[in-house]
Structures are given as C-alpha cells and as structure tokens.
Visitor: 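I'd like to ask some things about the structure below.
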Amino acid sequence: MTASMPTMKPQPVLERDITPEGGDYEVVRRAIEKISLDYRDQPSLEVLAEAVGETPNGLQKLFTRWAGLSPKAFLQAVTLDHARRLLDSGMPLLETSFELGMSGPGRLHDLFVTHEAMSPGDYKSRGAGLTIRYGYHISPFGIALIMVTDRGLAGLAFTDAGEERAALADMTGRWPNAIYVEDMAATAPYAARIFDPAQWRSDRPLRVVMIGTDFQLRVWEALLRVPMGRACTYSDIAGQIGQPTASRAVGAAVGANPLSFVVPCHRAIGKSGALTGYHWGLTRKRAILGWEAGQLGAA
DNA sequence: ACGGTATCGTTAT
DNA sequence: ATAACGATACCGT
C-alpha cells in the first residue's frame, strides 16, 4: 500500500514478440488443456476451437504454425499409446558407450551442449561467489526465465504472464547465495538460439553450467543423452547410473532440473507411459513433447 | 482403477 | 540423527 513497497513487482518488460509462434502459445496452451482434459472422447476441431475462442480454421492454422502439427495429429501425440511408443522404438537409449565425462564436452543429440558440472560442495556452497544475470523472454512454451553466468547458461524456467515473480523466486531459492542482476541483454542471445532448431549446430555448442549434487548431475547427464522424439523412464535412468532401485530418487532429481528444455527432463516419463509430472506444469510438458514431434516431422 | 509398500536422495528439524 | 517427502515401480485386490 505504501509508496515504498519493495516487493511490488515492476512488470518485466518482455522482448517484443516478433515470432508468431511465441504469441500462439497462450491459445495452444488452452487447447492442450482441453485436449488432455477429455482426450477420451477425441474432441473435434470444432469443439476445440469453440473452447479456446477461435474459429476452426483459425485454430488449425495457428496450431500448425506453432507445432508443425495439426491439432488432430497433436491430439494423437498426447495419448498414452504415443508416449509408450516414445519409449521403445529400436535401439537401447541409455548406452554407456557415449563418452560423457563429468565435466568435459558432452553432446546432446539435438541441441548441442558442452557442460560443466558444479557440485555445491565442490564450488562455494549454494551459489556463493556466483553472479547470475537473468531475463524474461517469449518462448514457444510461454515466458522463459533465463539465467546465465560468465561460464554459460545456468538456469531456464518457464512461467506464464503475471507469474514471473514466482518463477524468479523458485530459481533464486536454489542458489540463495548468488548475486542476481536483471540483464535482458545478456540473456537474449540464449533465448534466441535455444528455441530455434535451425541454430542447433555442433559448430556453435551451447555452454551450460550445471549446479547440483553429484547424484543430480548424474541424472541430468543421463537426460542429456535422450534424443528428441524419444523418451525414457525414471527407472531406465536409475539403472543407467548404477542405482537400479533408486527410480523414485531419480524422479526427484529430474524434478529438480534447473535447465528445463535444454536438459530434456520432459522426456522422462513413467514406465506405464504416463507423463507423471513436470515442475512447470504438465500442460507444458505435453506442449514441449508435441512441439518436438512436429519439429521432427518438419526435418 | 486403486491401495499399500519397498526404496532412496534431499531437505528441514 | 531423523523424519517427511516425492515427476517411481510393483504387487495385490
């Protein structure tokens, strides 16, 4: 109420949304919510359009522009069956044959990443001595909160309009001793390339810093090996890091992933094919998986 | 589909 | 120390 209310948030100024896909997400999100709510009765395009306040034609266009996938195809991509298919198709996924040291260049199948591990005991604890610059950017999956250090990308969170503050608190709470500076100019280049598949190339690897416990680091590194268009189970990862009975702990570690999307925690699903959960909302997980399916088709 | 239980890293007392 | 807590999985019913 008073003039001096430091917690009163200045509404973050978002980058102008030049790409249509970014602005589409709000509608897409509502459509996905509707779809997952009653996917059993396979809602028609008309019903869907009605629910999100678009014309059938408009929704069809918008959806295809966003996902590279028609609403109908997307609807299929959200079913249990499809999720199960993501698990199987062909070769064993988490082969140890990949060279992937604790810190050293690792490689993501799609987005290329070189990562540096920073376990809290190893470095100063809880981000002490670290300066983190952050900024909000429009992404295909809502607003992305991006955090960088001078060594590379350290955090990526998602949120929706009006909830930026909560996402920031969530992230800063993970490394409470770091110094935070809002600096959109520093984060914008990351936003631009992370969400544009055309820029995922090995000749320009994305530098990433992973801050977590040893266990978490092993889980996140395992995730980095899951290629786009595929999925693995929590117990797959447990087995792969040599602790086959720890699938529940793996779930917790996956949930603690500070680098959403870049470390593809959305590709971890239950053994039944159920999506089970996502820190930034199950709807977002569906959106990302569906969007990836569309990107694959476009290639 | 639902309920109980073994399991285990993390966080908070 | 220890208790509570999951984005699990498995076994009943």
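In this text, all values refer to a predicted model and were calculated from it rather than measured experimentally.
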Visitor: Where the side chain of A/R267 meets the backbone of A/V226, is there a donor-acceptor pair that is under 3.5 Å apart?
Guide: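 Pair found, side chain donor or acceptor close to backbone of A/V226.
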
Visitor: Can you give one letter per nucleotide of nucleotides 8-13 of chain B, 5' to 3': B if a protein heavy atom sits under 4.0 Å from the base, S if only from the sugar-phosphate, - if neither?
Guide: BSS---

Visitor: In whole angstrom, what separates A/L282's CG from C/dA7's C1'?
Guide: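 About 9 Å, once rounded to whole Å.
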
Visitor: If I take atom CG in residue A/L87 and atom P in nucleotide C/dT8, what distance separates them, rounded to the nearest angstrom?
Guide: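 In whole Å, C/dT8 P lies 15 Å from A/L87 CG.
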
Visitor: For the residue pair A/L275 and A/Y234, what are the closest heavy atoms and their distance?
Guide: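 Result for this residue pair: O-OH, 4.2 Å.
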
Visitor: Got a donor-acceptor pair under 3.5 Å from the side chain of A/Y234 to the base of C/dA7?
Guide: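 Answer is yes: a donor-acceptor pair is held.
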
Visitor: Could you tell me how the ring of A/F158 sits relative to the ring of A/F141: parallel (under 30°), tilted (30 to 60°) or perpendicular (over 60°)?
Guide: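 If you compare the ring of A/F158 with that of A/F141, the planes turn out perpendicular.
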
Visitor: Do any side-chain nitrogens or oxygens of A/K271 fall under 4.0 Å of OP1 or OP2 in C/dC10?
Guide: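 Affirmative; the distance criterion is met.
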
Visitor: Salt bridge check, A/R230 against A/D236: does any charged N sit closer than 4.0 Å to a carboxylate O?
Guide: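 A/R230 and A/D236: not salt-bridged.
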
Visitor: Yes or no on side chain to side chain contact (heavy atoms under 4.5 Å, CB included) for A/R174 and A/I211, after CA distance, side-chain angles and deciding distance?
Guide: CA-CA 9 Å; A/R174 300 170 187 230; A/I211 309 172; over 6 Å; no

Visitor: Take atom CD of A/E50 as the centre, draw a 6.0 Å sphere, and report whether it contains more than 12 heavy atoms from other residues, nucleotides or ligands.
Guide: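 Incorrect, the count does not exceed 12.
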
Visitor: Without decimals, in angstroms, what is the distance between A/R284 CZ and C/dA7 P?
Guide: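 From A/R284 CZ to C/dA7 P: 16 Å.
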
Visitor: Mind checking A/G255 for me? I need base, sugar-phosphate or nothing, with any heavy atom below 4.0 Å counting as a touch.
Guide: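 Base, at least one base heavy atom under 4.0 Å.
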
Visitor: If we ignore hydrogens and angles and just use 3.5 Å, is the side chain of A/N257 paired with the main-chain N or O of A/L259 as donor and acceptor?
Guide: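 Such a contact is found between A/N257 side chain and A/L259 backbone.
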
Visitor: Is it true that a side-chain atom of A/R30 and a backbone atom of A/V52 form a donor plus acceptor pair closer than 3.5 Å?
Guide: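 Yes: the side chain of A/R30 pairs with the backbone of A/V52.
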
Visitor: Would you tabulate the pairs of protein nitrogen or oxygen atoms and nucleotide nitrogen or oxygen atoms of nucleotides 11-13 of chain C closer than 3.5 angstrom?
Guide:
none

Visitor: Can you tell me which residue among A/T283, A/I288, A/L289, A/V254 is in a side-chain contact (heavy atoms from CB on, under 4.5 Å) with A/Y278?
Guide: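 Result: among A/T283, A/I288, A/L289, A/V254, A/I288 is the only option passing the side-chain contact (heavy atoms from CB on, under 4.5 Å) with A/Y278.
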
Visitor: I need the single residue from A/R284, A/E292, A/K285 that forms a side-chain hydrogen bond (donor to acceptor under 3.5 Å, both in side chains) with A/H266. Which is it?
Guide: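 So the option named by the test is A/E292.
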
Visitor: Test A/Y134 against every option in A/M184, A/M171, A/M147 by the side-chain contact (heavy atoms from CB on, under 4.5 Å) rule and name the one that passes.
Guide: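 Option passing the side-chain contact (heavy atoms from CB on, under 4.5 Å) with A/Y134: A/M147.
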
Visitor: C/dA9 phosphate, OP1 or OP2: any side-chain N/O from A/S235 under 4.0 angstrom?
Guide: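 The answer is yes; a side-chain N or O of A/S235 sits under 4.0 Å from OP1 or OP2.
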
Visitor: Give the dot-bracket line for DNA chain B from 5' end to 3' end: parentheses for intra-strand Watson-Crick or G-U pairs under 3.5 Å, square brackets for crossings, | for inter-strand pairing, dots for unpaired.
Guide: ||||||.||||||

